[in-house]
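Quick caveat: nothing in here was measured; it's all calculated off a predicted structure.
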Amino acid sequence: EVQLVESGGGLVQAGGSLRLSCAASGFTFDDYAIGWFRQAPGKEREGVSCISSSEHTTYYADSVKGRFAISSDNAKNTVYLQMNSLKPEDTAVYYCAAEAPGYCSAYAWAATYDYDYWGQGTQVTVSS
């Protein structure tokens, strides 16, 4: 059974940090790129970051560049999203997703329709 399980969400004050984890199982982790997405109430789901499986090439949304960092531990089949300098506008449900093949498209990494598997999401709330 394919599973992507996010964890690490919570309530944090503006300027604080959180680290999200995405634990994958049930598929060949090395064959998939992993993306992080978020969805705020009343808004569309948007791409936050993506990491390719082998070369660990990364992409970020402009809104999080310099504040968020994505990393991957292939031995643990886990991808992390370190979020620093959090802002109230970062409040959303954060999802991880897996896309085959194992690289992030430079032009389409944030396209939700390209991803094959999704996690259930973890809530991040940033208070002002």
Side-chain angles (χ1 to χ4, degrees):
E1 179 187 7
V2 172
Q3 279 194 314
L4 290 169
V5 180
E6 302 96 336
S7 61
L11 173 64
V12 64
Q13 288 189 332
S17 298
L18 284 173
R19 188 177 82 153
L20 305 184
S21 299
C22 172
S25 61
F27 61 94
T28 305
F29 187 76
D30 290 350
D31 291 342
Y32 286 78
I34 302 294
W36 281 100
F37 292 78
R38 65 187 182 186
Q39 188 166 19
K43 295 189 176 181
E44 291 188 355
R45 193 168 297 188
E46 63 174 356
V48 174
S49 186
C50 183
I51 187 166
S52 62
S53 60
S54 57
E55 297 179 355
H56 289 181
T57 303
T58 59
Y59 294 91
Y60 295 94
D62 288 343
S63 59
V64 306
K65 279 180 183 176
R67 300 189 298 123
F68 290 12
I70 192 170
S71 61
S72 179
D73 186 338
N74 286 37
K76 296 182 177 179
N77 286 5
T78 300
V79 171
Y80 304 96
L81 185 69
Q82 178 67 43
M83 306 187 296
N84 299 325
S85 302
L86 283 161
K87 304 175 181 180
E89 51 263 44
D90 294 318
T91 295
V93 177
Y94 283 71
Y95 301 88
C96 64
E99 175 187 20
Y103 63 86
C104 306
S105 166
Y107 301 102
W109 66 265
T112 57
Y113 54 78
D114 272 351
Y115 288 78
D116 305 291
Y117 307 121
W118 290 84
Q120 82 290 346
T122 185
Q123 176 71 47
V124 171
T125 303
V126 184
S127 63
S128 57

Using side-chain heavy atoms (C-beta onward) and a distance below 4.5 Å, is [X] in contact with [Y]?
| X | Y | value |
| --- | --- | --- |
| F29 | V79 | yes |
| V124 | L20 | yes |
| Q123 | T91 | yes |

Supply the atom-to-atom distance [X] [atom1] to [Y] [atom2], rounded to the nearest 0.5 angstrom.
| X | Y | atom1 | atom2 | result |
| --- | --- | --- | --- | --- |
| I70 | Y59 | CD1 | OH | 12.0 Å |
| M83 | R19 | CE | CZ | 11.5 Å |
| Y95 | C22 | OH | SG | 13.5 Å |
| I34 | T58 | CD1 | OG1 | 14.0 Å |
| E46 | R38 | CD | CZ | 4.5 Å |
| T112 | E99 | OG1 | CD | 10.5 Å |

Side-chain ([X]) to main-chain ([Y]) donor-acceptor, under 3.5 angstrom:
| X | Y | result |
| --- | --- | --- |
| T57 | S52 | no |
| E6 | Q120 | yes |
| D30 | S54 | no |
| T122 | Y94 | no |
| D116 | A100 | yes |

Distance-minimising heavy-atom pair for [X] and [Y]:
| X | Y | answer |
| --- | --- | --- |
| T78 | S21 | CG2-CB, 4.3 Å |
| A14 | S128 | CB-CA, 4.4 Å |
| N74 | H56 | OD1-NE2, 3.1 Å |
| V93 | G121 | CG1-CA, 3.8 Å |
| V48 | V64 | O-CG2, 3.7 Å |
| S127 | L11 | CB-CD1, 4.4 Å |

Worked verdict on K87 versus D90 for salt bridge (Lys or Arg N to Asp or Glu O under 4.0 Å): CA-CA 5 Å; K87 304 175 181 180; D90 294 318; over 6 Å; no
Pair W36 and F68, ring centroids less than 6.0 Å apart: no
Test side-chain contact (heavy atoms from CB on, under 4.5 Å) applied to C50 and Y103, Y60, Y115, the passing residue: Y115
Parallel, tilted or perpendicular, as decided by the 30° and 60° cut-offs, for the rings of W118 and F37: tilted
